[in-house]
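The chains referred to below are lettered A, B, ... by the order of the sequence lines, with proteins before strands, and numbering in each begins at 1.
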Amino acid sequence: MIRTHDAGDLRVGDVGTSVTLAGWVARRRDHGGVTFLDVRDASGSVQVVCRDLPEVHALRSEWCISVGGEVTARTEGNVNPNLATGEIEVVASAVTVLSESEPLPFPIDGSDEIESGVDEMLRWKHRYLDLRRTGPARAVRTRAKAISLMRHVMESRGFVDVETPYLTRSTPEGARDFLVPVRLQPGHWYALPQSPQLFKQLLMVGGLERYYQIARCFRDEDFRADRTAEFTQLDIEMSFLDEEDIFALTEDLLATLWRELLGIELPTPFPRMSYWEAMRRYGSDKPDLRFELELVDLTEHMAGTEFRVFQAEHVGAVVVPGGAAYTRKELDAWQDWAKSRGGKGIAWLLIPTTGEPKGSITRLEPDRLASLPEAAGAQPGDAILFAAGPRRTTLEMLGALRLAVAQQQGLVRTDEWKFLWVVDAPMFEPTGDGAGWTAVHHPFTAPSVDWEKTFQDDPEAALARAYDVVGNGVELGGGSIRIHRGEMQQRVFDVIGLTRAEAESKFGFLLEAFKYGPPPHGGIAFGIDRLVAELLGTDAIRETMAFPKASSGGDPLTGAPTPITAEQRAEAGIDAVPEE
RNA sequence: GGUCCUGUGGAGCAGUUGGAGUGCUCGCCGCCCUGUCAAGGCGGAGGUCGCGGGUUCAAGUCCCGUCAGGACCGCCA
């Protein structure tokens with residue numbers, strides 16, 4: 001190394017040591033006769049004092065330099081208690097310019113904030129500069145540490161890291177595939193894996209028993225703050241297990257991460273909640289338990305009402321503490337909010353501390369209206385916001401409303417960590433056209449024990465041996481116990497309308513494998529990007545990636561994707577029609 | 001595919017009722033300065049107000065379209 005010490009590690013104990021540092025000019029305070037340089041490297045930064053070194057006047061921000069000098073104690077009054085290295089400084093005897101820097105496109109600050117005020121596009125375009133900032137540097141290091149801890153936990157439990165192909169065929173997650181043309185077979189295409197799902201099940205047939213992988217996954221769907229085209233999973237599969245093994249492993253993993261990276265002891269085991277309980281109480285399959293504000297079910301209360309708005313499969317409400325103070329404008333804003341989410345709107349009732357309730361539902365039958373606050377559990381001073389309609393969509397609307405109200409009213413206890421398991425999810429949901437059924441998780445998910453023989457008779461009610469682990473309202477991981485018997489698998493295919501020929505064509509290799517003594521197995525996969533985002537306290541998984549993409553799928557740094565030339569097009573065989 | 005928000009010197013912002021490219025902080029360039037740590041002082045440069053069209057005597061400002069980014073819905077576990 002061309003340096004002898006790391007700048008950020010120097011302390012009082014190093015006083016008197018001759019050092020050579022190498023790093024960047026973070027700041028320069030030029031007093032003419034004396035110049036102070038804050039020299040930053042990966043370890044941090046230290047103040048360098050330059051006297052009788054006229055060449056340092058030419059230095060500018062982010063020039064790369066090396067400094068030879070001696071560590072000295074700062075005199076009293078010159079100590080900076082805000083810096084880790086604030087008790088010492090390096091008196092320079094020589095400063096060498098290793099490379100110069102143009103003026104920067106945005107400031108490189110020393111703050112520990114991950115996000116800065118700078119336009120994200122500019123940050124991604126110059127990500128190599130953004131990563132010199134303390135916050136983003138910490139983010140990528142936290143990610144590395146998290147992955148290291150995951151590997152440690154997995155290996156200590158005897159799991160085997162196996163790589164699976166990226167150039168493969170469509171996997172059964174149901175998202176759009178990224179496709180790759182195959183030059184050697186014009187007209188034929190690989191799909192990039194949406195997950196290693198099928199391969200990890202094959203590894204169980206292969207007797208690995210305990211598999212894990214830090215796997216890149218690809219899904220060609222629209223982006224969100226917490227979704228991007230390529231993301232990373234900690235993918236896990238085990239044989240001869242039941243749910244408890246997955247729960248215990250997951251709790252060990254997450255508790256280790258939170259303990260080692262945040263110094264927080266997560267209480268385990270995590271509480272468990274059924275999917276329908278989560279929907280009923282919180283209107284979400286990933287409830288945020290850092291605040292209460294449970295949904296109120298008023299369907300019974302409204303049974304047989306003449307009031308048309310509440311003649312619906314489900315009538316529910318969110319009680320807003322102190323909401324009686326809502327202005328008409330604020331209530332209209334909730335209306336707009338509901339409509340922007342595709343809902344019909346929100347009915348409301350204000351319960352003032354004195355006087356009669358008022359709202360958009362005062363034409364409700366008088367007895368129903370009078371008993372409504374009590375039925376909803378509302379106190380004087382509260383507001384009740386109602387939604388009515390089909391059960392699941394109404395609960396989801398109310399769940400979103402619950403989140404929005406909690407945020408608006410500052411009810412979220414942001415210093416808490418609330419983890420839970422959501423279990424007993426439905427096996428199937430209606431297809432988009434409502435004509436059939438599709439697997440909620442994926443078609444290899446086993447039915448719960450109670451439904452093993454009968455799920456095909458009532459697909460809507462059938463429950464799956466699937467589980468999601470949720471932290472602070474974010475789905476961090478999910479998985480299931482798989483089907484390992486051909487007869488049961490065939491019944492699932494029948495329910496989702498997959499013919500034998502189609503199943504053979506899509507998953508024939510898996511079904512073939514399952515003819516040879518497949519073990520009972522199951523697994524889970526964690527969204528590493530989301531996990532790291534949680535650990536960092538950000539919503540945007542972009543901040544956890546070294547080189548993230550913009551929401552249009554483009555890479556602002558490299559300019560990918562790009563058009564291809566006619567030659568590339570011909571060579572890749574994109575337009576070739578495959579022979580029969 | 002849809003809704004909403006944003007786009008003004010290098011960065012972050014402000015810009016009123018439509019009235020001169022106006023302002024602020026930082027950065028940049030030059031000069032001065034031996035204890036600063038967000039150094040300071042003096043001086044200076046830097047603009048296709050995202051782009052195109054329209055309304056108007058006059059557009060950063062109003063209207064239409066478009067591009068880019070972001071949030072959300074659809075989509076996606």
Discussion item. Please determine whether side-chain hydrogen bond (donor to acceptor under 3.5 Å, both in side chains) holds for the pair A/T394 and A/R392, giving the CA-CA distance in whole Å, both sets of side-chain angles, and the decisive distance to 0.1 Å.
Written reply: CA-CA 5 Å; A/T394 302; A/R392 194 197 296 230; over 6 Å; no

Discussion item. Regarding A/G478, tell me which of base, sugar-phosphate or nothing describes its non-hydrogen contacts under 4.0 Å with the strands shown.
Written reply: nothing

Worksheet, complete the sentence: Using Watson-Crick geometry (N1-N3 plus N6-O4 or O6-N4) or G-U wobble (N1-O2, O6-N3), each under 3.5 Å, B/G69 is paired with B/C5

Item to complete: Would you kindly say whether A/S170 and A/D177 are connected by a side-chain donor-acceptor distance under 3.5 Å?
Response: yes

Worksheet item: Does B/A39 have A/H31 stacked on its base, where the ring centres are within less than 5.5 Å and the planes differ by under 30°?
Response: yes

Worksheet item: Over how many whole Å does the gap from A/F178 atom CZ to B/C75 atom C1' extend?
Response: 14 Å

Worksheet item: Paired with B/C62: which nucleotide, if any, by Watson-Crick or G-U wobble criteria at under 3.5 Å for both distances?
Response: B/G54

Practice prompt. Scan side-chain atoms only and decide if A/D14 and A/H5 contain a donor-acceptor pair under the 3.5 Å cut-off.
Written response: no

Worksheet item: Given atom CG of A/N80 and atom P of B/U36, what is their separation to the nearest angstrom?
Response: 11 Å

Discussion item. Heavy atoms only, 4.0 Å cut-off, all strands: where does A/E102 land among base, sugar-phosphate and nothing?
Written reply: nothing

Worksheet entry | Opposite nucleotide pairing with B/C33, Watson-Crick or G-U, both atom distances under 3.5 Å | none

Practice prompt. Can you tell me, in whole Å, how much space there is between the C1' of B/U17 and that of B/U56?
Written response: 15 Å

Worksheet item: Any donor-acceptor pair under 3.5 Å between the side chain of A/R227 and the base of B/C76?
Response: yes

Worksheet item: Between the base of B/C37 and the side chain of A/R74, is there a donor-acceptor distance below 3.5 Å?
Response: yes

Practice prompt. Among the candidates B/A77, B/G74, B/U36, find the nucleotide nearest to the side-chain atoms of A/F36.
Written response: B/U36

Item to complete: Could you check which nucleotide pairs with B/C13 in any of the strands shown, counting Watson-Crick or G-U wobble with both distances under 3.5 Å?
Response: B/G23

Discussion item. Between A/R60 and B/C29, is there a contact of a side-chain N or O with OP1 or OP2 at under 4.0 Å?
Written reply: yes

Discussion item. Suppose we define a pair by two distances each less than 3.5 Å, Watson-Crick or G-U wobble; what does B/C28 pair with here?
Written reply: B/G44

Fill in: Distance, rounded to the nearest Å, where A/L129 contributes CG and B/A11 contributes P
13 Å

Worksheet entry | Gap in Å between the two P atoms, one belonging to B/G52 and one to B/A39, rounded | 40 Å

Practice prompt. Let me know, please, whether A/D468 or A/G32 comes out on the 5' side of the other along RNA chain B by nearest nucleotide.
Written response: A/G32

Practice prompt. Using the C1' atom on both, measure B/G15 against B/U34 and round to a whole Å.
Written response: 43 Å

Fill in: Spacing of A/D30 atom CG relative to B/G30 atom C1', expressed in whole Å
13 Å

Worksheet item: Does the side chain of A/D112 come under 3.5 Å of the side chain of A/T134 through a donor N or O and an acceptor N or O?
Response: no

Worksheet entry | P atoms of B/G60 and B/U8, separation to the nearest Å | 15 Å

Fill in: Side-chain donor-acceptor contact under 3.5 Å, A/Q47 with A/R29
yes

Worksheet item: Rounded to whole angstroms, how far apart are CG on A/D539 and P on B/C72?
Response: 8 Å

Practice prompt. Grab the CZ-P distance between A/F106 and B/C13 for me, whole Å please.
Written response: 14 Å

Item to complete: Using the C1' atom as the reference point in each nucleotide, state the distance between B/A77 and B/U16 in Å, no decimals.
Response: 50 Å

Worksheet item: Taking the C1' atom of each, how far is B/C28 from B/G12, in whole Å?
Response: 15 Å

Worksheet item: Heavy atoms, side chains only, cut-off 4.5 Å: are A/Q407 and A/R402 in contact?
Response: no

Item to complete: Determine the Euclidean distance between corresponding C1' atoms of B/G27 and B/C62; express it in Å to zero decimal places.
Response: 35 Å

Using a cut-off of under 3.5 Å, enumerate the N/O to N/O pairs linking the protein to nucleotides 67-71 of chain B.
| unit_1 | atom_1 | unit_2 | atom_2 | d |
| --- | --- | --- | --- | --- |
| B/G69 | OP1 | A/S552 | OG | 2.8 |
| B/G70 | OP1 | A/S551 | N | 3.1 |
| B/G70 | OP2 | A/S551 | N | 2.8 |
| B/G70 | OP2 | A/S551 | OG | 2.2 |
| B/G70 | O3' | A/R542 | NH2 | 3.2 |
| B/A71 | OP1 | A/R542 | NH1 | 3.4 |
| B/A71 | OP1 | A/R542 | NH2 | 2.7 |

Practice prompt. Whole angstrom is fine here: how far is it from CG in A/D38 over to C1' in B/A38?
Written response: 10 Å

Worksheet item: What is the nucleic acid contact for A/G527, judged by heavy atoms within less than 4.0 Å: base, sugar-phosphate only, or nothing?
Response: nothing

Item to complete: Let me know the distance between CG of A/D177 and P of B/C75, rounded to the nearest Å.
Response: 18 Å

Worksheet item: Mind checking the C1' distance from B/G7 to B/A14? Whole angstroms is fine.
Response: 15 Å

Fill in: Distance-only side-chain donor-acceptor flag, A/T232 / A/R216, under 3.5 Å
yes

Worksheet item: Just checking, is any N or O donor in the side chain of A/T72 or A/R74 under 3.5 Å from an acceptor N or O on the other one?
Response: no

Item to complete: May I ask you to check whether A/Y467 and A/F247 place their ring centres under 6.0 Å from each other?
Response: yes

Worksheet item: Between the side chains of A/Q213 and A/Y211, is a donor N or O closer than 3.5 angstrom to an acceptor N or O?
Response: yes

Practice prompt. Check whether any side-chain N or O of A/R29 sits under 4.0 Å from OP1 or OP2 of B/A39, and answer yes or no.
Written response: yes

Item to complete: Return no unless some side-chain N or O of A/R341 is found under 4.0 Å from OP1 or OP2 of B/C72.
Response: no

Worksheet item: In terms of the nearest nucleotide of RNA chain B, which residue is placed more toward the 5' end: A/N82 or A/Y275?
Response: A/N82

Discussion item. From the set B/G12, B/C37, B/A77, return the single nucleotide nearest to any side-chain atom of A/Q194.
Written reply: B/A77

